[in-house]
Amino acid sequence: MFEKKLIKKILSKWNYGDFKVIFWDNDELIIGKKPSQFTLIFKEKIPLFNLFNDTSLVFAKHYMESKLDIEGNYDEIARVLYYFSNKHFLKNKEDVLSKITQKQESKNIKSHYDLGNDFYKLWLDKTMSYSCAYFKNPNDTLYQAQINKINHTLKKLDLKKGEKLLDIGCGWGWLSIMAAQQYGVNVVGVTISEEQYKKAKERVKEFNLDDKVEIRLQNYQDLEFENYFDKVVSVGMFEHVGKENLGLYFMKVKQVLKPGGMMLLHSILSMFEGKTNAWIDRYIFPGGYLPSLREVIGVMSEWDFHLLLAESLRIHYAKTLDIWSQNFNQVLPEVRKKYDEKFIRMWDLYLRSCASAFRVGSVDLFQFLITKEINNELSLTKEYIYK
């Protein structure tokens, strides 16, 4: 009885949206107006002491354990959560997080990216690009859209033959390989995922690019280069740096980049500063932090980086996640050979809810083109990107 009353009290605060709640005893609660856009179905009673924890963590955990089902429009769920979070957390002061050590950062990365290359190969495209794709046309395949993204990213950097390129968070290596193949640049790619490192090294060897591409199992914090690289690219890694290390990240980039050198930073951003979603932090990306747009611009400026171009690919990421979710659900028989239902429901919820979060605008994906200090010798326009 107390559990139900407390859930009703919690949900009554979500005073935006139209949805229905069905409790374990078939009692129903209607929030907003009919018809409901989504339904939360509690199949079991949630222990009273759990309800005093973070709401997103409690509900997501019970979904993973098949004690809660969700039916209806995931975009509407994301929209309700977004407005609820805005109302209660938008004006919070900065959250104080302990600095993420290299040891902890490595542990955090392993928990997600070292699930195994075989797992990611099941539902990613053949490039194994695990970041936002770029759809030039609505009907582009995932593979074509990922190739589009890599080309779009590299073209922004205006690479010249013989230049030195650093790829921070090189993943499975496809961008580093294409940069060497298409532009004749010399690439150093770094990752702290052992699984990604092994596969990226293997790919470099397959393409006979050992003389052009060096893959390192190394933390960006340990980069020893000084004013060495002409260009730097970082796709989908900045999200793992952590709030307290944002300045350190740009300090290291400034260290390794030549004066006037360009960087392309590709990262998910949050629309407002606040705590990382408790469920995402515990089960999906431990130690991750999504900074806001103003945080990133502010830290860039403090380290004398100058913004040339900022482009939002928000809808592209929603579409990418939709395809990943479809692919994942199509290979469930293979996934079940290695993982249990709790893991499957966790990943299904993660992919679907993230797609919705991008559609409703609670998170965004930006590509920033910046220079270290001033460079007055760059192209006067950005037409070169689209030629």
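When a residue number appears, it is its place in the shown sequence, counting from 1.
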K61 charged N/C atom sitting above Y283 aromatic ring, 6.0 Å / 45°
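No, cation not above the ring by the 6.0 Å, 45° rule.
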Taking the side chain as C-beta and beyond, is there a heavy-atom pair between [X] and [Y] under 4.5 Å?
X    : Y    : answer
F135 : I323 : yes
K8   : D27  : yes
E341 : I344 : yes

With W347, which of Y339, F119, W324 fulfils ring pair (Phe, Tyr, Trp, His ring centres under 6.0 Å)?
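Answer to the ring pair (Phe, Tyr, Trp, His ring centres under 6.0 Å) test with W347 among Y339, F119, W324: F119.
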Please say which of F238, W303, F368, Y220 ends up in a ring pair (Phe, Tyr, Trp, His ring centres under 6.0 Å) with F250.
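Testing F250 for a ring pair (Phe, Tyr, Trp, His ring centres under 6.0 Å) against F238, W303, F368, Y220 leaves exactly one candidate, F238.
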Before accepting this row, confirm whether a basic side-chain N of the pair K258/D230 lies closer than 4.0 Å to the acidic partner's carboxylate O.
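Yes.
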Electrostatic pair R359-D322, nearest N-O below 4.0 angstrom
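Salt bridge: yes.
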In this structure, are over 12 heavy atoms from other groups packed under 6.0 Å from K205 atom NZ?
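No.
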Over 12 foreign heavy atoms within 6.0 Å of CZ, R282
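Counting neighbours around CZ of R282, 12 or fewer heavy atoms of other residues, nucleotides or ligands fall under 6.0 Å, so no.
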Would you give the length of the straight line joining atom [atom1] of [X] to atom [atom2] of [Y], rounded to the nearest 0.5 angstrom?
X    : Y    : atom1 : atom2 : value
I22  : E71  : CD1   : CD    : 7.0 Å
I177 : I215 : CD1   : CD1   : 7.0 Å
C132 : F366 : SG    : CZ    : 12.0 Å
S379 : L308 : OG    : CG    : 10.5 Å

Mind listing the closest non-hydrogen atom pair of [X] and [Y] along with its distance?
X    : Y    : result
S129 : L124 : O-CD2, 3.9 Å
A133 : L142 : CB-CD1, 4.3 Å
P291 : L246 : CB-CD1, 4.1 Å
W172 : T127 : CB-O, 4.5 Å

Just by distance, no angles: are the side chains of [X] and [Y] close enough, under 3.5 Å, to form a donor-acceptor pair?
X    : Y    : result
K199 : Q196 : no
S131 : K149 : yes
K372 : N227 : yes

Quick one: do K243 and E273 satisfy salt bridge (charged side-chain N to carboxylate O under 4.0 Å, His left out)? Show the steps, please.
CA-CA 10 Å; K243 186 178 179 69; E273 292 94 52; over 6 Å; no
Within the side chain of K136, is there an N or O that forms a donor-acceptor pair under 3.5 Å with the backbone of Y134?
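Pair absent, no side-chain N/O of K136 close to backbone of Y134.
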Specify whether F23 and F42 have parallel, tilted or perpendicular ring planes, treating 30° as the upper limit for parallel and 60° as the lower limit for perpendicular.
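Rings of F23 and F42: parallel, under 30°.
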